[in-house]
Trainee: 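Take a look at the following structure, please.
Lettering follows sequence order; numbering is per chain, from 1.
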There are 2 protein chains.
Amino acid sequence: MDKKEEILKTALQLFVEFGFHATPTSKIAKEAGIANGTLFHYYKTKDELILALYAHTKSHLTEYMYAKASKDESLELVFKSIYTNTIEWAQENKAEFYFIQQFSTSPFYSLISPEEITKQAKPHLDFLQAGIKAVVLKPLPVEMLYTLINSHIAGINQYLSSEEFSTTKQKKIINESFLLLWDMIT
Amino acid sequence: MDKKEEILKTALQLFVEFGFHATPTSKIAKEAGIANGTLFHYYKTKDELILALYAHTKSHLTEYMYAKASKDESLELVFKSIYTNTIEWAQENKAEFYFIQQFSTSPFYSLISPEEITKQAKPHLDFLQAGIKAVVLKPLPVEMLYTLINSHIAGINQYLSSEEFSTTKQKKIINESFLLLWDMIT
DNA sequence: AAAATGATTGACTAATCAGTCTATAAATAT
DNA sequence: ATATTTATAGACTGATTAGTCAATCATTTT
């Protein structure tokens, strides 16, 4: 078994449940079934562990987002695929998605360099820029579009998590909300 | 001077800057210029302080939201007033707004009872329901509308905070984004 | 004015926590 | 086979922290 993975997995669960402050490294180690020292062998500090967990989780999401989106299709279909993938991932990986949000609205987020953040957003912004150039998306500032789309997704995800919807109902909501978003930005 | 207020004010700044975990009560007391014991005289535990701070801040926002919105005007104008007020408050009270978000996406949020949350949302949901009944808003589930509006506001606020916009430019963005939202939900 | 209640202090404590250290075991390189 | 590096363990420590406590000081009630 991969201990590094095991540590991240355990830390995620505990951070989500108790928060960063109320999750001692000793508890992470114990729950992960390893010794205290082993944790610090892989991650020099608790902060480093937290940052690594964020990078890890974020890359999981990004990976999934662009999966299954063949570039042959229309911009709308590609966009919809990314939209749907993201919400599906969030629903299937609630703890992970919640962690990303928890991290992003915490002082830990400021530990990530602006360059890193810009780098992360670049492909998404480029994609939106292409949409504007193709006269499909409204000619709004891409950063504005990006933030609006992101928060829309966060909102829909929150709504989906607030009640117990059947899978069919969920798909319906996703389709419906996509149209709302699409109408707003095109 | 009101020490209770002073404690809340100081705690807010420190929580926003360092997070809950990295803000000892001793530091709050010192920065607020009071003795350690005094803090615990007013708030039995640190958790109680955090919860009180959330309630306090949230009620500030709610108060401001509905200010200046005379009920004689059209639903659109009332809605726009609430929308604008909220974003303006968020921009003028960045630490407060950030704190609300930080708190909401932290495990502390689960300490608030579902009843309290429902009670908080009730007037907003009623307002949206009225909008639907008046055939102004789309007949979507009010909870969905509510979440979408909230996250839209959070998004625009994030965008406004990401760069330095002039006041005129800011107003323009708010007007523009309001139209986007309004078109989406009507 | 006396009594009672509430506010304020800061030293103190018991517990906890991040991170260290020394020792072994396992794996890899020479 | 030997040497070197890496992985793992867990006891230990120094610092920190939430919360207590006993003692004043201030204010209000009787």
Trainee: Is the distance between the ring centroids of B:Y54 and B:F15 under 6.0 Å?
Mentor: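 Centroid distance B:F15-B:Y54: not below 6.0 Å, so no.
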Trainee: Whole Å only: how far is the NZ atom of A:K30 from the C1' atom of D:dG10?
Mentor: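 Nearest whole value for this atom pair: 12 Å.
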Trainee: Is it true that the side chains of B:K94 and B:N157 contain a donor and an acceptor less than 3.5 Å apart?
Mentor: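 Note: B:K94 and B:N157 side chains miss the donor-acceptor criterion.
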Trainee: Would you mind reading off the distance between B:K4 atom NZ and C:dT8 atom P, rounded to a whole angstrom?
Mentor: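 Distance, rounded to whole Å: 11 Å.
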Trainee: For residues 119-141 of chain B, which residue pairs pass the ring-ring contact (aromatic ring centres under 6.0 Å, His included) check, not counting sequence neighbours?
Mentor: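 Qualifying pairs: B:Y66-B:H124, B:H124-B:Y146.
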Trainee: Nearest whole angstrom, please: distance from the C1' of D:dT6 to the CD1 of A:I34.
Mentor: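 It works out to 15 Å between those atoms.
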Trainee: Which pairs pass salt bridge (Lys or Arg N to Asp or Glu O under 4.0 Å) with one or both residues in residues 158-171 of chain A, sequence neighbours excluded?
Mentor: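 Every candidate salt bridge (Lys or Arg N to Asp or Glu O under 4.0 Å) pair involving residues 158-171 of chain A fails, so no pair, neighbours aside, qualifies.
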Trainee: Rounded to the nearest Å, what distance is computed from the CG atom of residue B:L49 to the P atom of nucleotide D:dG19?
Mentor: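 Answer to the nearest Å: 10 Å.
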Trainee: May I have the distance from A:K3 (atom NZ) to D:dG10 (atom C1'), rounded to whole angstrom?
Mentor: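 Rounding to the nearest Å, NZ of A:K3 and C1' of D:dG10 are 13 Å apart.
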Trainee: Any salt bridge (Lys or Arg N to Asp or Glu O under 4.0 Å) pairs touching residues 102-130 of chain B, not counting sequence neighbours?
Mentor: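 Those involving residues 102-130 of chain B are B:K122-B:D126.
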Trainee: Between B:E92 and B:F97, is there a side-chain heavy-atom distance shorter than 4.5 Å?
Mentor: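 They are not in contact (no side-chain heavy atoms under 4.5 Å apart), so the answer is no.
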Trainee: Side chain of A:H41: nearest nucleotide among C:dT8, D:dA9, D:dA7?
Mentor: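 The answer is D:dA7, which lies nearest to the side chain.
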Trainee: Between residues 7-19 of chain A and DNA chain C, which residues have a heavy-atom gap below 4.0 Å?
Mentor: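 The answer is none.
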Trainee: Verify the distance criterion only: is there a donor paired with an acceptor across the side chains of A:S177 and A:Y83 at less than 3.5 Å?
Mentor: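 There is such a pair between these side chains.
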Trainee: Could you tell me if A:K80 and A:N175 have a donor-acceptor pair between their side chains, going purely by distance under 3.5 Å?
Mentor: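 Yes, a side-chain donor-acceptor pair sits under 3.5 Å.
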Trainee: Hey, does the side chain of B:T38 come within less than 4.0 Å of C:dA7's phosphate (OP1/OP2), counting only N and O?
Mentor: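 Checking C:dA7 against B:T38, no side-chain N or O comes under 4.0 Å of OP1 or OP2.
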Trainee: Taking CD from A:E48 and P from C:dT20, how many angstroms apart are they, rounded to a whole number?
Mentor: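 Computing the A:E48:CD to C:dT20:P distance gives 11 Å.
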Trainee: To the nearest Å, give me how far apart OH (A:Y43) and P (C:dT20) are.
Mentor: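 Whole-Å distance recorded here is 17 Å.
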Trainee: Sequence neighbours excluded, which residues qualify as ring-ring contact (aromatic ring centres under 6.0 Å, His included) partners of B:F108?
Mentor: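 Applying ring-ring contact (aromatic ring centres under 6.0 Å, His included) to B:F108 gives A:H21, B:F20.
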Trainee: List, with names and distances, any nitrogen or oxygen atoms from the protein found under 3.5 Å away from nitrogen or oxygen atoms belonging to nucleotides 12-18 of chain C.
Mentor:
from   : atom 1 : to    : atom 2 : distance (Å)
C:dA18 : OP1    : A:K46 : NZ     : 2.6
C:dA18 : OP2    : A:T25 : N      : 2.7
C:dA18 : OP2    : A:T25 : OG1    : 2.9

Trainee: Taking atom P of C:dG19 as reference, at what distance in whole Å does atom OH of A:Y42 sit?
Mentor: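 Distance, rounded to whole Å: 18 Å.
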